[in-house]
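Some notes on the structure that comes next.
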Amino acid sequence: MSYDKDQKVINIGNCSIGGQPGENPLVVIGSVFYDKHDALLNEKTGEFDKKLVETELNEFISIVEDVGVQAIVDVVGGYPDALVKECEFVADIVDVPFLVDGLNDSCRIPAMVSLKEKGLLDRAILNSIDENTSDKNLEILNEIGVKNAVLLTFGSNTIFARQKMEILKNKLLPKAKKAGIVNYIVDTALLDITSIDINIETSKLIKRELGVPVGFAPANAIYGYKKLKKYGVSSKYGTIASIMTYSVSSGSDFVLFGPVKYAKSVVPSIALISGIKSYYRKRILKKNVSDKVSFQKIF
Amino acid sequence: MEDTNKFNSITEAIREGNSYDIVELIQSSLESGNDPYNIFNAMIKGLEECGKLFEDREFFLPDLMMAGEAFTTGMEVIEPHLADTSIETVGKVVLGTVIGDVHDIGKNLVGFLLKSAGFEVVDIGTDNDTEKFIQAVKEHQPDVLGLSALLTTTMLAMEDIIKAMNKEGLHEKTKVIIGGGPVSKRFAEQIGADAYASDAVEGVKKIKEMIGA
């Protein structure tokens, strides 16, 4: 329930990610402008239904604040200009950090350059640096002063926890250093729903040996689960919530849960896990928790 | 007389993705005087069994990857011994991921499974522009070109590749199959691909069907 290794807390905007289990409220990350998002009208030009996005984001943040967890918005985009427009809009609506989730480096690196010009880098988190991020792109990130990034432990033949750890230590951390990234969180890269325990094992290994914030995106697999819709809507949301809570109860500091519109189905259950962990740390282990932890909100 | 126990162990090691023991198992089998071609067949059988278990939903993506890894490790040992052995191929396939996309897990799995099915596979890697695909088709004259993409933006390049193949008159001889997360049967029909597969095992089946293997 507590690691011997000192645990790093990454502060980005108003979000404190990581630390010992229960030290900080868990971080929920919801996505906008994903493929088939109702609000996305033209993914190339970044034309979208502003009212719908604003409504979804406001509801997301409202729930987060009510139940006492922390939030990041995952802004997905396939084209740099569109991605920048989307990020600007999100940054205007909410005051939480946001992932700059371009589908490849050709999209996200130019987007980071534009966000620098618009003065939005402090809350922007590059998603992501991986083993294929080129030296040229790392230099660009360094030049423009990007400090926040997700490190993705994804590789062609990378299956096991130990392999993901090797990629992190030998490739991603050096790349982060080259890019000047000081605030990094690690995405352990989900392969499929069946192998989620590999991500759990990886999370524990990274926390045990490196003490940095970890998480992953069950959202990348659960929405394709064959039996998700078989037993009706309540079963669907129960299944989604269960896999998200499984990931955080087993050691993740953050979780990408999918579309923000599912916040009401997912976030309260994650808040419960967050509160349970914080209570155990504070009242049973008699160790400190951050000021952001509020039992009154959660319970 | 050849040692079937050793062959069974090799098949099991590949099927179970045992990269640690496969080298010693193959070396031991060679030292026992077993025919390298039969050892190779035992490895192929392991991949086939893995593929069947995947179809039966006993094995999943990590299992295919582990088997592929064990197969690759084993091939480094056995391949030099196969140099003089002519292995009849049932067809030739060029595989590649499209431009802007560096995902290759699915493509690599298709490659392993095709080799196990007797295909000659030319893998041109990831992030390939249209010109690279056209050059590869002209050079290798495959029966099938397999295109892989995992992003909604990069999959659009598949249409450009097919158009270029039509323009160069290459599509008559070389059929095209596409695959990857965002790709669909409908998309395949829209862009003029000959086939679509939702996973590596289905991909191999479709390729076999396309060339009548």
Side-chain angles (χ1 to χ4, degrees), chain A residues 33-37 40 42-44 46 76-83 101-111 128-134 137 152 154-164 189-199 201-202 219-221 223-227, chain B residues 16-20 50 53-54 56-73 75-76 95 97-112 123 125-129 148-157 180-184 187 198-200:
Chain A
F33 308 118
Y34 45 88
D35 187 34
K36 293 177 190 151
H37 187 186
L40 189 59
N42 188 320
E43 67 164 344
K44 277 189 184 172
V76 182
Y79 300 88
D81 290 343
L83 182 56
D101 196 355
L103 296 184
N104 53 21
D105 278 353
S106 313
C107 177
R108 51 189 170 238
I109 304 296
S128 51
I129 287 176
D130 61 37
E131 65 169 355
N132 294 308
T133 308
S134 67
N137 282 331
L152 182 67
F154 180 84
S156 307
N157 299 317
T158 309
I159 305 169
F160 304 113
R162 200 32 90 175
Q163 290 174 320
K164 291 175 187 277
L190 181 70
L191 282 177
D192 62 9
I193 204 78
T194 329
S195 60
I196 269 187
D197 267 3
I198 297 177
N199 295 83
E201 189 189 359
T202 308
N220 284 348
Y223 295 100
Y225 173 46
K226 284 190 175 187
K227 304 210 172 161
Chain B
E16 299 299 319
N18 185 350
S19 297
Y20 300 107
C50 184
L53 286 162
F54 178 82
D56 292 342
R57 301 183 62 73
E58 292 284 343
F59 275 17
F60 296 88
L61 180 58
D63 301 291
L64 289 182
M65 291 171 71
M66 287 190 277
E69 186 66 21
F71 183 82
T72 303
T73 304
M75 281 304 288
E76 287 169 12
L95 298 174
T97 304
V98 300
I99 191 163
D101 205 320
V102 295
H103 297 94
D104 62 358
I105 290 177
K107 171 184 69 62
N108 292 347
L109 290 173
V110 170
F112 295 133
D123 187 338
T126 59
D127 195 16
N128 295 292
D129 60 18
S148 173
L150 205 71
L151 306 175
T152 52
T153 45
T154 57
M155 73 188 215
L156 304 173
V183 175
S184 66
F187 179 69
S198 60
D199 59 55

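Every heavy atom of this structure was used, including side-chain atoms; hydrogens, water molecules and symmetry mates were not. All chains are named by letter (A, B, ...) in the order of the sequence lines, taking the proteins before the strands, and each is independently numbered beginning at 1.
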Query raised in the report: Minimum heavy-atom separation for L103(A) to T152(B), with atom names?
Result: CD1-OG1, 3.4 Å
Requested in this report: Say whether, by atom type as modelled, one donor and one acceptor occur between the side chain of N104(A) and the main chain of G100(B) under 3.5 angstrom.
Outcome: yes
Could you grab the distance from atom [atom1] of [X] to atom [atom2] of [Y], nearest 0.5 Å is fine?
X       : Y       : atom1 : atom2 : result
N157(A) : T72(B)  : CG    : OG1   : 7.0 Å
M65(B)  : T158(A) : CE    : OG1   : 7.0 Å
I159(A) : L61(B)  : CD1   : CG    : 8.0 Å
K44(A)  : T153(B) : NZ    : OG1   : 10.0 Å
C107(A) : L151(B) : SG    : CG    : 10.0 Å

Report summary line: Greatest number of non-hydrogen atom pairs under 4.5 angstrom with chain A, of R57(B), K107(B), H103(B), falls to R57(B)
Query raised in the report: When heavy-atom pairs shorter than 4.5 Å are enumerated against chain A, which of T126(B), L150(B), D104(B) gives the highest number?
Result: D104(B)
Requested in this report: Pick one of side chain, backbone, both or neither for T194(A), based on which atoms fall under 4.5 Å of a heavy atom in chain B.
Outcome: side chain
Report task. Identify which part of K226(A) has an atom lying under 4.5 Å from any heavy atom of chain B, answering side chain, backbone, both or neither. Result -> side chain
**Report entry** Heavy-atom contact with chain A under 4.5 Å, split by part of I99(B)
**Finding:** neither
Query raised in the report: Would a 4.5 Å heavy-atom cut-off, applied to side chains only, mark D192(A) and P62(B) as touching?
Result: yes
Requested in this report: Check step by step if side-chain contact (heavy atoms from CB on, under 4.5 Å) holds for D105(A) and V102(B).
Outcome: CA-CA 10 Å; D105(A) 278 353; V102(B) 295; over 6 Å; no
